[in-house]
J.: 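Okay, handing you the structure first.
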Amino acid sequence: MSLKRVLLIVGGGISAYKAPELVRALDKHGIGCRVILTQAGSQFVTPLTLASLTKDDVHQELFNLTHEAKMGHIELSRSADLVLVAPATADLIGKVANGLANDLASTALLATDKPVLMAPAMNVRMWEHPAVQRNLATLRADGVHFIGPDEGAMACGEYGLGRMAEPEAIATALEAFWYKASADKPLRGKRAVVTAGPTLEAFDPIRFLSNRSSGKQGYAIAHALAEAGAVVTLVSGPTALNDVPGVSMVRVESAREMLAACQSALPADIFVAVAAVADWRPETRADVKLKLKGDVKAPAMTLVENPDILATIAQPGPKRPKLVIGFAAETHEVLAYATAKRTKKGCDWVVANDVSGDVMGGESNRILLVTAEGHQSWPEAPKTQIAVRLAEAISAHFKTSPA
Ligand code: C5P
């Protein structure tokens with residue numbers, strides 16, 4: 001999976017014909033994309049071409065029930081690391097500069113909380129028009145970034161500034177943008193592997209044992225570590241959550257698959273085991289659906305122990321991450337059990353949570369962080385805030401012991 005994702009908004013100019021090439025250039029640079037195609041843009045490039053290249057739906061209408069039910073336009077505007085407008089037409093530039101939102105593209109641009117990079121493309125006279133220049137100045141002041149336009153021969157026969165920057169140059173500019181943005185991030189240069197969600201242990205092709213873990217805490221931690229500059233791999237059991245932008249996702253089912261995925265994601269500096277791994281799995285997995293046999297109404301099931309992923313990764317050795325963090329979900333005597341778990345599993349920190357309430361699947365968490373130095377308790381907070389706080393603690397740890 002791509003490490004970075006952009007929301008590509010294709011405006012309605014002749015340069016929109018370069019959009020498929022742009023999608024491919026982004027892909028070559030490891031940048032995935034979702035596409036919004038404006039009405040005018042669809043006169044120059046077909047939604048089918050872009051959908052085939054991105055292997056995803058192309059979003060075109062603000063009030064599309066199917067798309068809105070799957071991913072609302074607000075979420076769409078925030079589901080990527082950056083919003084790229086290419087070509088950015090005089091019309092789109094004017095709308096955003098003046099806060100107008102009357103279609104999906106302009107609405108997403110107003111609703112996003114992500115950086116916006118525009119690659120303008122228009123006729124040279126339009127580009128030089130004081131109204132366009134005024135709008136560009138407004139957008140620059142609002143923090144919008146620009147690449148191009150280039151100078152050259154135009155489709156309309158004129159010559160001058162107004163050609164959209166070449167797809168390869170846009171992809172390179174995005175890489176440079178992210179490199180610069182991550183320069184002062186505390187976990188820059190660090191690699192992290194996070195496990196999240198439940199595991200699913202099948203005993204026939206359609207039945208399995210699992211648990212109620214939603215994956216929310218693990219996904220939030222992967223996101224917070226990526227925001228702090230780390231290169232993150234999230235190994236996730238089956239969840240209903242969307243991929244985390246900027247994080248390399250590996251989706252697995254069973255504990256054994258999760259362990260294998262974690263091991264192949266090593267070496268890493270940080271390992272955070274948040275997944276609620278099933279302790280046992282059915283000893284056998286039938287190739288066909290189990291059926292009632294004669295008068296044996298309920299077949300007996302033998303369970304065998306699953307590998308302990310955390311304990312395995314925490315074992316001393318050249319590949320052991322420098323900071324190994326486990327989670328402990330306890331209903332009572334949280335500190336005593338968490339302290340014991342730290343030693344038993346061989347990890348450096350244990351993040352213990354009291355699951356006597358509705359933590360599993362809920363939005364908030366109350367944490368006790370147990371380290372070799374002692375423990376600290378954090379007040380109840382949303383899982384996203386717990387994640388940011390943990391990422392801060394990890395950053396502080398590497399600052400004081402950078403080796
Ligand atoms: O032993 P317990 O399941 O309470 O330990 C919880 C911690 O161990 C969590 O960090 C969980 O992700 C990890 N774990 C694991 N593999 C297992 C069981 C638990 O990584 N098989």
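Both ligands and their constituent atoms are indexed starting at 1 by order of listing. All heavy atoms count here, side chains included; hydrogens, waters and symmetry mates do not.
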J.: Checking Thr49 against Ser52: is there a side-chain donor and acceptor pair closer than 3.5 Å?
T.: no
J.: Looking only at N/O atoms, are Ala273 and ligand 1 under 3.5 Å apart anywhere?
T.: yes
J.: With rounding to the nearest 0.5 Å, note down the distance linking OG1 in Thr284 to CG in Leu303.
T.: 10.0 Å
J.: May I ask whether Asn306 places a heavy atom under 4.0 Å from ligand 1?
T.: no
J.: Got the closest protein heavy atom to atom 20 (O) of ligand 1, with its distance?
T.: Leu310 N, 2.8 Å
J.: What's the spacing between Leu92 CG and Thr89 OG1 if we round to 0.5 Å?
T.: 4.0 Å
J.: Looking just at side-chain N and O atoms, do Gln39 and Asp103 make a donor-acceptor pair shorter than 3.5 Å?
T.: no
J.: Is it the case that ligand 1 has an N or O less than 3.5 angstrom from some N or O of Ala276?
T.: no
J.: Tell me, which protein residue and heavy-atom name are nearest atom 3 (O) of ligand 1, and how many Å apart are they?
T.: Asp279 OD1, 4.0 Å
J.: Here's a test for you: under side chain to side chain contact (heavy atoms under 4.5 Å, CB included), which of Ile36, Val116, Asp113 qualifies with Val83?
T.: Val116
J.: Quick check: does Val277 get an N/O under 3.5 Å from an N/O on ligand 1?
T.: no
J.: Under 4.0 Å from a heavy atom of Ala275: give me the atoms of ligand 1 that qualify, with their elements.
T.: 11 (C), 12 (O)
J.: Could you measure the distance from the CD atom of Glu330 to the CG atom of Leu335? Nearest 0.5 Å is fine.
T.: 10.5 Å
J.: Identify the closest protein heavy atom to atom 6 (C) of ligand 1: which residue and atom is it, and at what distance?
T.: Phe327 O, 3.0 Å
J.: If you measure from atom 21 (N) of ligand 1 to every heavy atom of Pro307, Ala311, Ala255, Ser213, which option wins on shortest distance?
T.: Pro307
J.: By number and element, which atoms of ligand 1 are closer than 4.0 Å to a non-hydrogen atom of Gly326?
T.: 10 (O)
J.: So, Glu75 versus Asn242: side-chain donor-acceptor pair below 3.5 Å or not?
T.: yes
J.: How far is atom 16 (N) of ligand 1 from its nearest protein heavy atom, and which residue and atom is that?
T.: Ile309 N, 3.0 Å
J.: Would Ile325 count as a polar contact of ligand 1, with the cut-off being nitrogen or oxygen pairs under 3.5 Å?
T.: no
J.: When you check the side-chain N and O atoms of Glu201 and Thr199, is any donor under 3.5 Å from an acceptor?
T.: yes
J.: Looking only at distance, does Ala278 have an N or O less than 3.5 Å from an N or O of ligand 1?
T.: no
J.: Does an N or O anywhere in Ala328 fall below 3.5 Å from an N or O of ligand 1?
T.: no
J.: Go through the structure and list residues passing ring-ring contact (aromatic ring centres under 6.0 Å, His included) with His129, not counting sequence neighbours.
T.: none
J.: Considering Lys341, Met258, Glu305, Lys344 one by one, which has a heavy atom nearer to atom 2 (P) of ligand 1 than any of the others?
T.: Lys341
J.: Under the ring-ring contact (aromatic ring centres under 6.0 Å, His included) rule, collect the residues that match up with Tyr337, sequence neighbours excluded.
T.: His332
J.: Below 3.5 Å, N or O to N or O, backbone or side chain included: is there any such pair between Lys345 and ligand 1?
T.: yes
